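Reading through the structure tokens given below for one structure.
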Amino acid sequence: MDLNELNEEQRKAVLTTEGPILVLAGAGSGKTKVLTTKIAYLIEECGVPPYNILAITFTNKAAGEMKDRLVKLVGDKINSAQISTFHSFGVRIIRENAPLLGYTNNFNIIDSDDSLTVVKKILKEMNLDSKQFNPTNIRNKISSAKNEMISPDEYEKYANSDIEEIVQTVYKKYEIILSKSNSVDFDDLLLLPIKLFKKYPDVLNRYQEKYRYILIDEYQDTNEAQYILTKMISSKYKNICCVGDNDQSIYGFRGANYRNILNFEKDYKNATVIKLEQNYRSTTNILDAANDVISHNKERKDKNLWSNKGKGEKISYYKAYNEKDEAFYVVRKIKELIKNCDYQDIAVIYRTNAQSRVLEEAFLNENIPYHIVGGTGFYNRKEIKDLLAYLRLINNTQDDISLSRVINVPKRGIGTKSVLNLEEKALKEEKSMYEVIDSGKEMAFKNIIEELINDSHDMTLTDLVDDVLEKSGIKEEYISEKSLEADIRLENLEEFKSITRAFEDREGVISLNDFLQDISLVTDIEYKYDPNTVNLMTVHSVKGLEFPYVFVVGMEDGLFPHINSIYNGTLSELEEERRLCYVAITRAKEKLFFVNARMRNMFGSSQSNQESRFIKEIREELIDKEFKDEEPTKKVFFDLDERPHFDHSDEIKEDVEYNIGDNVYHEVFGTGKVLEVGKSTLSIAFKHPYGIKKLMKNHKSINKL
DNA sequence: GCCTAAGTGCTTTTT
DNA sequence: GCACTTAGGC
């Protein structure tokens with residue numbers, strides 16, 4: 001194996017195969033390369049069987065990429081190694097030991113939305129006003145408790161206020177509802193394996209023997225449960241390699257504890273610590289800016305990240321008039337950049353998902369192909385969640401949560417009262433809601449499910465989806481609605497079948513159970529976009545990625561850093577925002593753009609923000625201001641707001657009449673349907689990306705079909 | 001039980 | 001500016 005491409009420290013990290021090792025890897029220092037090379041080295045040079053390797057990444061995407069790279073290095077045998085997220089790994093362990101944990105194999109995994117539904121339901125039962133007791137807040141508290149491995153009973157010790165006592169009660173009920181439904185939530189995926197290992201040392205021993213070599217990526221983002229789980233499995237052979245960067249810890253809000261990385265040497269005796277400080281990604285101007293910002297954090301280990309890529313260009317900084325101007329600045333710059341690069345070389349990143357909308361509109365109107373990474377997408381749509389609930393119920397009739405969701409979808413005259421009755425009956429008889437159905441309209445529903453269960457035994461997954469859509473009446477409901485909204489829903493359901501089909505092509509015959517458990521951990525589908533698109537995403541989603549050109553928009557106090565971290569936050573929250581900024585800056589290889597707006601529409605009203613304090617933390621000579629400091633007068637501002645930023649006079653088609661329902665074709669974004677006709681805009685629904693997009697009317701790139 | 005209209009409160013970030 | 005909740009009429 002050729003290790004000559006690695007620098008001395010990287011090589012040391014690869015060659016140190018035995019014992020605990022911590023790799024402190026600064027941004028862009030080649031940690032992914034180290035991890036993949038190390039795994040390949042273990043297999044090829046040390047003769048470690050792939051099934052003895054456990055590699056944990058932070059996202060499914062990162063796991064996929066690591067596998068792809070390793071297939072190229074060592075071939076298909078890598079498939080017997082366990083390379084996945086903590087959560088997928090947890091699913092695997094639970095599946096292999098479900099009965100020991102009191103679950104059947106077809107347990108259901110509920111997402112955070114479903115958790116919230118359960119919490120809301122409990123609050124309602126307890127006659128508590130959801131305004132006074134915020135359900136999201138309570139769910140988060142339960143989640144944190146679980147992540148810190150505090151059981152409902154133990155929670156009593158922590159319950160000092162009225163609200164916390166309520167949280168405890170809700171937590172108790174929540175756990176009962178879940179286990180009764182044979183369901184687990186995301187937190188359980190980590191908790192249950194720990195419980196299992198504590199209770200059954202022989203089972204733990206089996207996994208310790210199996211996973212003799214453990215590698216954890218993004219160690220700074222592990223929470224208490226992940227930390228314990230790692231420690232348990234590695235405690236026998238102690239061949240554990242953790243890679244991370246405490247300056248890039250950005251999931252504190254989710255219980256991540258970056259001290260795990262700082263305490264590594266205490267936790268693992270005789271640990272080898274390796275620092276990767278050479279950055280191979282960015283120019284020094286970009287790196288200096290990143291260092292300037294992060295050096296303002298008090299709670300950190302100092303490190304010296306350097307690069308030999310030369311100074312490069314300064315950071316461009318544009319202060320826009322408002323958020324539209326901000327978006328059009330980005331568009332303008334992209335049009336210049338694109339003369340010498342591809343769209344995929346460019347990323348636009350922001351603090352909150354809500355900021356993507358204005359950018360989307362600008363991109364659509366200016367024909368810039370884009371792709372929004374992450375965010376709420378396909379699986380969050382009502383029609384998809386309904387379909388999934390049907391499939392879950394077919395797979396596991398104990399699933400009260402799914403049953404409650406779809407027993408009246410489409411409308412069957414089963415209202416909240418009837419559902420409540422079912423719940424009470426089920427509780428009294430200690431059965432599932434499904435089991436206690438024995439008459440009335442509910443029985444008709446049960447018969448449909450019975451039929452579907454029967455069908456499911458000798459049907460492919462894709463055919464079963466069709467079957468569900470038919471027999472449930474969902475399909476008919478949407479067809480008869482004849483609205484464009486319903487058409488989009490139907491198309492999305494069709495799209496779902498292409499997912500199941502792809503699944504079947506890849507995995508062969510697959511059980512409903514396998515499919516559901518796999519899909520629960522996927523947050524969004526990989527659409528087959530033209531790969532040559534600009535990437536739009538949050539700072540959280542961009543972690544681990546790099547682009548030659550990076551725009552960071554919304555660089556304003558109150559947005560980035562986020563308002564909550566400034567006012568009701570603690571120092572540590574502001575420091576996390578700063579780390580976020582550090583992550584954002586260090587994504588750029590060649591050129592970085594900061595953009596912000598003097599005025600911004602938030603919640604419908606205009607608001608003016610100060611420039612982000614993070615910009616002020618960067619020495620001036622690194623920044624190139626592309627604006628004049630003085631405030632524009634109100635009059636100028638108003639005109640600018642209305643002013644078209646690009647001259648489209650040669651692109652406007654005369655005399656084209658658009659009507660609602662027209663099919664249209666857009667040169668860059670494909671086919672869509674007109675939903676709404678405004679004075680100067682059309683609302684068009686595109687299949688990809690699903691949903692409604694506003695475009696300029698009579699635009700050259702829109703063609704009636 | 002269902003539908004509509006008006007009202008409200010909200011947004012951080014995600015496996 | 002939107003998504004979700006609630007009240008009131010059918």
Side-chain angles (χ1 to χ4, degrees), chain A residues 56-63 84-91 109-113 115-117 120 123-124 129-132 134-137 139-140 143 146-147 184-190 218 221-223 225-226 249-256 323 349-358 373-377 379-380 382 407-408 410-420 440-441 520-524 537-543 554 558-569 573-574 576-577 579-581 583-584 600-607 691-692 694:
Chain A
I56 301 283
T57 60
F58 194 66
T59 63
N60 292 305
K61 197 174 162 204
S84 67
T85 63
F86 266 111
H87 290 85
S88 305
F89 177 57
V91 173
I109 303 163
I110 68 168
D111 64 21
S112 21
D113 277 354
S115 300
L116 191 61
T117 310
K120 280 182 186 164
L123 288 173
K124 213 167 198 173
D129 185 9
S130 67
K131 276 165 205 151
Q132 217 182 330
N134 181 285
T136 310
N137 196 2
R139 181 205 49 193
N140 290 344
S143 175
K146 291 179 91 162
N147 275 319
V184 301
D185 63 16
F186 281 157
D187 303 321
D188 287 326
L189 297 179
L190 307 170
E218 310 278 13
D221 286 323
T222 49
N223 63 29
Q226 290 164 336
S249 168
I250 56 175
Y251 284 92
F253 70 95
R254 217 172 74 189
E323 76 277 5
I349 57 187
Y350 35 81
R351 178 65 180 82
T352 66
N353 278 307
Q355 289 166 260
S356 68
R357 231 185 58 222
V358 186
V373 181
T376 58
Y379 287 111
N380 265 320
K382 178 193 183 305
I407 190 165
N408 202 30
K411 300 259 179 305
R412 299 188 177 88
I414 305 170
T416 37
K417 201 76 187 248
S418 315
V419 176
L420 217 67
K441 287 169 179 159
S520 312
L521 299 175
V522 182
T523 42
D524 209 355
M537 66 194 102
T538 63
V539 189
H540 284 87
S541 302
V542 84
K543 192 173 71 158
L559 198 56
F560 196 10
H562 194 272
I563 186 115
N564 293 357
S565 71
I566 301 174
Y567 292 114
N568 42 357
E573 274 184 69
L574 188 62
E576 180 147 316
E577 294 286 314
R579 290 193 293 272
L580 263 176
C581 186
V583 168
R600 180 179 295 277
N601 248 325
M602 288 172 106
F603 303 126
S605 64
S606 201
Q607 202 181 304
I692 298 151
K694 278 191 188 138

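Small disclaimer: the values here were computed from a predicted structure and weren't measured.
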Would you mind reading off the distance between [X] atom [atom1] and [N] atom [atom2], rounded to a whole angstrom?
X	N	atom1	atom2	answer
Ile56(A)	dT15(B)	CD1	C1'	12 Å
Lys543(A)	dT14(B)	NZ	P	12 Å
Phe253(A)	dT13(B)	CZ	C1'	4 Å
Ile250(A)	dT14(B)	CD1	C1'	10 Å
Phe186(A)	dT13(B)	CZ	P	16 Å
His87(A)	dT15(B)	NE2	P	9 Å
Tyr379(A)	dT14(B)	OH	P	18 Å
Arg139(A)	dT15(B)	CZ	P	14 Å

Looking at [X], I'd like to know whether one of its side-chain N or O atoms comes within less than 4.0 Å of OP1 or OP2 on [N].
X	N	value
Ser112(A)	dT14(B)	no
Asn353(A)	dT14(B)	yes
Ser418(A)	dG1(B)	yes

Closest listed nucleotide, where the reference is the side chain of [X] and the choices are [options]:
X	options	result
Thr85(A)	dG1(B), dT15(B), dT11(B)	dT15(B)
Thr59(A)	dT15(B), dT13(B), dT11(B)	dT15(B)
Lys417(A)	dT11(B), dT13(B), dG1(B)	dG1(B)

Item to check | side-chain hydrogen bond (donor to acceptor under 3.5 Å, both in side chains) involving Ser143(A) - partner list, sequence neighbours excluded | outcome: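 In terms of side-chain hydrogen bond (donor to acceptor under 3.5 Å, both in side chains), with neighbours along the sequence ignored, Ser143(A) is linked to Asp187(A).
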Next on the checklist: Please enumerate all residues that pass side-chain hydrogen bond (donor to acceptor under 3.5 Å, both in side chains) together with Arg254(A), with sequence neighbours excluded.
Outcome noted: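 Testing Arg254(A) for side-chain hydrogen bond (donor to acceptor under 3.5 Å, both in side chains), a comparison that skips the adjacent residues, returns none.
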Item to check | With sequence neighbours excluded, residues passing salt bridge (Lys or Arg N to Asp or Glu O under 4.0 Å) with Arg139(A) | outcome: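 Partners of Arg139(A) under the salt bridge (Lys or Arg N to Asp or Glu O under 4.0 Å) test: none.
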Next on the checklist: My understanding is that only residues two or more places apart in sequence, or in another chain, count here; which of them pass salt bridge (Lys or Arg N to Asp or Glu O under 4.0 Å) with Lys417(A)?
Outcome noted: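 So Lys417(A) forms no salt bridge (Lys or Arg N to Asp or Glu O under 4.0 Å) with any residue.
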Checklist entry - Given that Phe603(A) and Thr538(A) both sit by DNA chain B, which one's nearest nucleotide is further toward the 5' end? => result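 Taking each residue's closest nucleotide, the earlier one in sequence belongs to Phe603(A).
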Next on the checklist: Need to verify one output field. Residue with the more 5' nearest nucleotide on DNA chain B, His562(A) or Arg412(A)?
Outcome noted: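 Its nearest nucleotide being more 5', the pick is Arg412(A).
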Checklist entry - Parallel under 30°, tilted from 30 to 60°, perpendicular over 60°: which one fits the rings of Tyr251(A) and Phe58(A)? => result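 Answer is tilted, since the angle falls between 30° and 60°.
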Item to check | Whole-Å C1' distance, dT6(C) and dT11(B) | outcome: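 That atom pair is separated by 22 Å.
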Residue list, ring-ring contact (aromatic ring centres under 6.0 Å, His included) with [X], at least two apart or on another chain:
X	answer
Phe89(A)	Tyr211(A)
His562(A)	none
Phe603(A)	none

Checklist entry - Can you find a pair of side-chain heavy atoms, one from Asn408(A) and one from Val419(A), that are under 4.5 Å apart? => result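 Of all side-chain heavy-atom pairs linking Val419(A) with Asn408(A), none is under 4.5 Å.
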Checklist entry - Tell me, do His87(A) and Val91(A) make a side-chain contact under 4.5 Å, heavy atoms counted? => result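 SC-SC contact between His87(A) and Val91(A) ruled out.
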When we call it a touch if two heavy atoms are under 4.0 Å apart, what does [X] touch: a base, just sugar-phosphate, or nothing?
X	answer
Phe86(A)	nothing
Asn408(A)	sugar-phosphate
Ser88(A)	nothing
Lys382(A)	nothing

Item to check | Point-to-point distance, once rounded to the nearest 0.5 Å, from CG of Asn147(A) to OG1 of Thr222(A) | outcome: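 Spacing of CG (Asn147(A)) from OG1 (Thr222(A)) equals 11.0 Å.
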Next on the checklist: Students should find this one: the first and last nucleotides of DNA chain C, 5' to 3', lying under 4.0 Å from a heavy atom of chain A. What are they?
Outcome noted: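 Range of nucleotides within reach of chain A: dG1(C) to dT5(C).
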I'd like a table of atom pairs between the protein and nucleotides 3-9 of chain B - only N or O on both sides, under 3.5 Å - with the distance next to each one.
none

